[in-house]
Amino acid sequence: MTDWESIRYFLAVARLGTMSGAARHLEVDHATISRRLAALEAKIHARLIERLPRACSLTPLGQRVYELAQAMEEAADAIERLLDASRSPPSGKVTVSAPPALMANFLLKHLAGFRHENPGIQLSVRGEARQVSLSRREADVVLRMTRPDEPTSVVRKLGRVSFSLYASKDYAHLHDPSAWEFIAYDAGFAGVRQRAWLMGVAKGRPISCEIKDINNHLIAARAGAGVAGLPDFLAERDMTLQRLSHNGEAFFQDIWMAVHRDLRYSPQIRVVMDFLLRTFADHPAVT
């Protein structure tokens, strides 16, 4: 009988398209991936993966196995979630995925207090802009500024982040709004509400630069590159920056928390969810 671990390695290659990508995802080396696949194919006496110079593709049999293996993965993850939910008292590792700026500039400041209250739980906090899958156990709890829509998740609104305009106190046009130049988001953010808000505030005034990551918007604003639309929790206490008034509407971004429905009553997950609820409720810049 084929073991699940070999199928798991096959799934990673099939899903990501390269052995190197699968190795990074599973946190193993390339040779381990190659060895596992070779052993799996030798055991079934059939080729599942075509190894190309820059990528891997599925054989017709590999495509069929991939479809069935995804169902195996869902069943294995459901078993693991059921076992996690039955464990008590609260202990073990809980993985929280959050936007990088929210993680680095807000959540990490509260980890010491959480650890003091919950010594049996190890938090693994990941700063990730991408949408992660709760069903595939890529995280146990996710925080996002757009409502998560995975059908197996339970979603709750935590609060909202307020945004304002900021510029360096040394910015050359600080007191001349007609000459403001804006630090904007790149085209990859087309359709994102905060990009639309900032472009609406700019109203045709120049864009000095386009930057993808919000932390780098902060750095550029500090350097005098222009006016940035920043979360207040990120910028309000920065003594090098000046909050600017403008004629446009105030802007807020909701913060959402999601957990897989099978884990919402797990003791350790409940502890983390309650911690996040209290933390956001107690912080005036995000409620």
Distance, nearest 0.5 Å, that separates CD of Q253 from CE of M145: 6.5 Å

Test: E249 and R193 ion pair at under 4.0 Å: no

Between S97 and E128, do the side chains contain an N or O donor and an N or O acceptor separated by less than 3.5 Å? yes

Using the side-chain contact (heavy atoms from CB on, under 4.5 Å) criterion, which residues pair with D254? Sequence neighbours excluded. K157, R160, W256

When you compare the side chain of L198 with that of L165, does any pair of heavy atoms fall below 4.5 Å? yes

Quick one, E210 with Y185, criterion side chain to side chain donor-acceptor pair (under 3.5 Å). Give me CA distance, side-chain angles, the key distance, then yes/no. CA-CA 5 Å; E210 292 183 339; Y185 297 90; over 6 Å; no

Looking at side-chain heavy atoms only, is the closest gap between F10 and R36 below 4.5 Å? no

Please answer whether the main-chain N or O of F233 pairs with a side-chain N or O of R237 as donor and acceptor at a distance below 3.5 Å. no

Is there a path from V13 to I44 through hydrophobic residues (I, L, V, M, F, W, Y) whose side chains come within less than 4.5 Å of each other? yes

Over 12 non-hydrogen atoms of neighbours within 6.0 angstrom of CG in N247: no

In this structure, CG of L244 is separated from NE2 of H173 (nearest 0.5 Å) by 13.0 Å

Are F280 and V154 connected in the hydrophobic side-chain network, where two residues link if heavy atoms are under 4.5 Å apart? yes

Identify the two heavy atoms, one from S133 and one from E150, that lie closest to each other, and give their separation to 0.1 Å. OG-OE2, 3.0 Å

Under a 4.5 Å side-chain heavy-atom rule over Ile, Leu, Val, Met, Phe, Trp and Tyr, are V141 and L263 clustered together? yes

I211 and L102: same hydrophobic cluster, using ILVMFWY side-chain contacts below 4.5 Å? no

Would you tell me whether S135 and E74 have side-chain atoms, one donor and one acceptor, within less than 3.5 Å of each other? no

Which heavy atom of P231 sits nearest a heavy atom of I214, and at what distance? CD-CG1, 3.9 Å

Does one hydrophobic cluster hold both L241 and W180, with members joined at side-chain heavy-atom distances below 4.5 Å? yes

Got a sec, which hydrophobics cluster with I219, joining ILVMFWY side chains under 4.5 Å apart, including via others? none

If the threshold is 4.0 Å, N to carboxylate O, is there a salt bridge linking R243 and D232? yes

Taking E117 first and then R278, would you say they form a salt bridge - that is, a charged N and a carboxylate O separated by under 4.0 Å? yes

Distance, nearest 0.5 Å, that separates CE of M257 from CZ of R144: 13.5 Å

Locate the shortest heavy-atom distance separating Q268 from V94; write the atom from each residue and the value. CG-CG2, 3.7 Å

According to salt bridge (Lys or Arg N to Asp or Glu O under 4.0 Å), who are the partners of R264, at least two apart in sequence or on a separate chain? none

Mind checking whether F275 and H110 have ring centres under 6.0 Å apart? no

Salt bridge flag under 4.0 Å for residues R15 and E73: yes

First locate atom CD1 of I207, then atom CE of M199, and finally report the distance between them rounded to the nearest 0.5 Å. 4.0 Å

Nearest heavy-atom neighbours spanning M103 and A98: CB-CB, 4.5 Å

Spacing of R270 atom CZ and L277 atom CG [to the nearest 0.5 Å]: 7.5 Å

Mind running ring pair (Phe, Tyr, Trp, His ring centres under 6.0 Å) on F114 and H116 for me, showing each step along the way? CA-CA 5 Å; F114 176 85; H116 177 74; over 10 Å; no

